[in-house]
> 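Mind having a look at this structure? Questions to follow.
What you see is a predicted model; the values in this text were computed from it and never measured. Side chains included, hydrogens not; waters and symmetry mates left out as well; all remaining heavy atoms used. A, B, ... follow the sequence lines: proteins, then strands. Residue 1 opens every chain.
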Amino acid sequence: MKLAVFVSDYRMTVDTLERLKPEKMGIILVQNGVYHASVKENGNASSILDSSADLYALKEDLETRGIDPANVDSKVKVVTFGDVVDLMFNDYEKTAWL
Amino acid sequence: MKLAVFVSDYRMTVDTLERLKPEKMGIILVQNGVYHASVKENGNASSILDSSADLYALKEDLETRGIDPANVDSKVKVVTFGDVVDLMFNDYEKTAWL
Amino acid sequence: MATTKLGFIVQRPGYKSENPKLALTHAIASQSVEIYLDDDDEVTCDVAFVGEGVLNCIKDQKALDNYQFNSTESHVKMGLLCDLNIFICREDLEKYGMSESDIVLNAEEMGGDMDVKVVPYEEITKMMEEMKHLLFF
Amino acid sequence: MATTKLGFIVQRPGYKSENPKLALTHAIASQSVEIYLDDDDEVTCDVAFVGEGVLNCIKDQKALDNYQFNSTESHVKMGLLCDLNIFICREDLEKYGMSESDIVLNAEEMGGDMDVKVVPYEEITKMMEEMKHLLFF
Amino acid sequence: MGKLTIGCFASLVGSTNLDFAVKLAGAALDKGHKVDLWVSGNGTMLSLQEQRAFKDYSYLEKPVKELMEKGLNVTACEACAEARGYHDSNTLEGVKRFSMDWYLGSTFDADRVLHIGGE
Amino acid sequence: MGKLTIGCFASLVGSTNLDFAVKLAGAALDKGHKVDLWVSGNGTMLSLQEQRAFKDYSYLEKPVKELMEKGLNVTACEACAEARGYHDSNTLEGVKRFSMDWYLGSTFDADRVLHIGGE
């Protein structure tokens, strides 16, 4: 399956993400999940960025938290709400909100 | 200070507990915090039980979750709401809800 | 005639949020969904408990005695009574030191025929592949 | 004349819950508490950001542009404007890779005189010892 | 053009879950999709009328009304609403109230479902 | 005997925070303490009248009324309530509404404060 996973939190309270093994996966960082795109904890980038999934972060949610979209990790593509709609309809079949 | 710390969750979302170093500390496990009193994860009891604090778990919240108060770790004293009131007034001066 | 299959995945323990209960009440609502559909069309729901979500399945939850509301356990039983497929991840039960003797297995006392299905995580992955939509709680 | 000192400890990032904002709005309310007290009695509030709570202090939060509500940053500034002591844990700022150039430091543009106090965690411990009651957010 | 069903189970103020759901619904409508929004659990807060607009709190009545004019279909879980003291008489105009099977019915012919649980 | 001030900032249904606060208040009253209960944020849900009693949801109107008869003092944050559409006209009888300074005022002579934030 082609799965778009929404990560909405910085401190994850579930272990689901690492267990999902769809044929194609996108991780869309939204809400406090956008901290994964830029905050380094003890010098280390979030382990989510090591994923082989395609990585996206919502521009509006980055800005809301004071994160300049220009400063996110180069693996992460900054997207708008409109882009998220297109990703959901064109690139993935199912969604998971963790 | 004498501090009564209420731990209300199983998956902790803050690191505060390990940093508190009051002269006297009690940890009162309530709500989903009571899982710390009995659930072993991968065979290991919760690290909260290694604390040198006095440990309590709320009877009503254990029972609500299907945990027999007789089966909690021997380091943990099972208490009622009334006992919690007495602990707060007689044994501690300040409280922290994590 | 068409069927839309939904997979409900419960990843968190109950009582902190009502979501695990709402997963079951919404899945049970598949029994009456035909009022919104054409003849012979249907929506079916499978429910899986994974991760800390398996803690919802511990038996003898005394929520009604202590807090005057129905336990998550009673919702699991209602789901079985409505013939839902309810999967519980075997590895996660083991991870949290539990066995089948610790959890709800059926709703026999209410006249239910279904048992919960304690299965390897792989089976839950397979279920997720088969569903049209997934709902994570 | 008596003073009751309250310590507000913010341990979580904002926007997932409104608690960090409510910590600041409640602390600011110390300005008008005298209507409930005898003459010369007072309640004072110190606020400390620790752990992931320090993420609340990142500057240039564009919540108003994107979601049409005030940012947590603006609440921190209001707190400074009301002359609250606002502590930010230095070790936690460093832990999350931030320095003073990344955070709100003052509310100068609004006419405030106070600066935030970036301090070692030890100072926050000392503050907690001095307070009569603690409120963790 | 397709159909998107969004289910939002989390609360209005503080968590930005409903804010997110409303913005995503708007973006999908703008692209010509049909959008159903189901609110359940604490998310039913969205359906209560006469929420005061303060700049410190999310205020979604206005954007929701605008989106309903563009075709957004909003339905609240009746039992979840009643349990919270939200009745027919104080429901935002245009918001429907049904039992939980409505959400499943909406997913039947949805091309995509985004279920926002996570609390 | 002392005075306990409880502040509860979390929501009614689902999280058992308000249930916990109400039970603790009852236990403290039974022991002869004076108890103030402040509800703010999503916790202001407690103050809305006419919540329907279903067995699947917490229903605190009855226990809160009983405790108010025993002297429990319940006050809701006015701004938090208004932002959610809870007005004077639909507030549970006996529950007061004030601005946030009321909570601080209550702590002034409290022997113990339990602030339930944690969301």
> If you look at every heavy atom in D:M131 and B:K94, which pair is closest and at what distance?
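For D:M131 and B:K94, the tightest heavy-atom pair comes out as O-NZ, 2.6 Å.
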
> Where do B:D15 and D:K95 land on the side chain to side chain contact (heavy atoms under 4.5 Å, CB included) test, with the steps shown first?
CA-CA 12 Å; B:D15 303 318; D:K95 177 175 177 186; 3.5 Å; yes

> Given a strict heavy-atom distance threshold of 4.5 Å, which part of D:K16 is in contact with chain B: side chain, backbone, both, or neither?
neither

> More than 12 heavy atoms of other residues, nucleotides or ligands under 6.0 Å from CD of D:E108: yes or no?
no

> In terms of heavy-atom contacts, does NZ of D:K132 have more than 12 from other residues, nucleotides or ligands at under 6.0 Å?
yes

> Can you confirm whether more than 12 heavy atoms, excluding those of D:M127, are under 6.0 Å from its CE atom?
yes

> So if I apply the side chain to side chain contact (heavy atoms under 4.5 Å, CB included) rule between B:R19 and each of D:I124, D:T125, D:D92, which one comes out positive?
D:D92

> Can you tell me which portion of B:L3 sits under 4.5 Å from chain D's heavy atoms? Options are side chain, backbone, both or neither.
side chain

> Nearest heavy-atom pair of B:W97 and D:F136: which atoms, and what distance?
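Scanning both residues completely, I find the closest heavy atoms to be O-CB, 3.4 Å.
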
> How long is the gap from CG on B:L98 to CD on D:Q11, to the nearest 0.5 Å?
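Separation between the atoms: 5.5 Å.
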
> For B:K40, does the NZ atom sit with more than 12 other heavy atoms under 6.0 Å from it, leaving out its own atoms?
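For B:K40, atom NZ is not crowded (no more than 12 foreign heavy atoms under 6.0 Å).
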
> If you take all heavy atoms of B:M1 and D:E129, which pair is closest and at what distance?
N-OE1, 3.1 Å

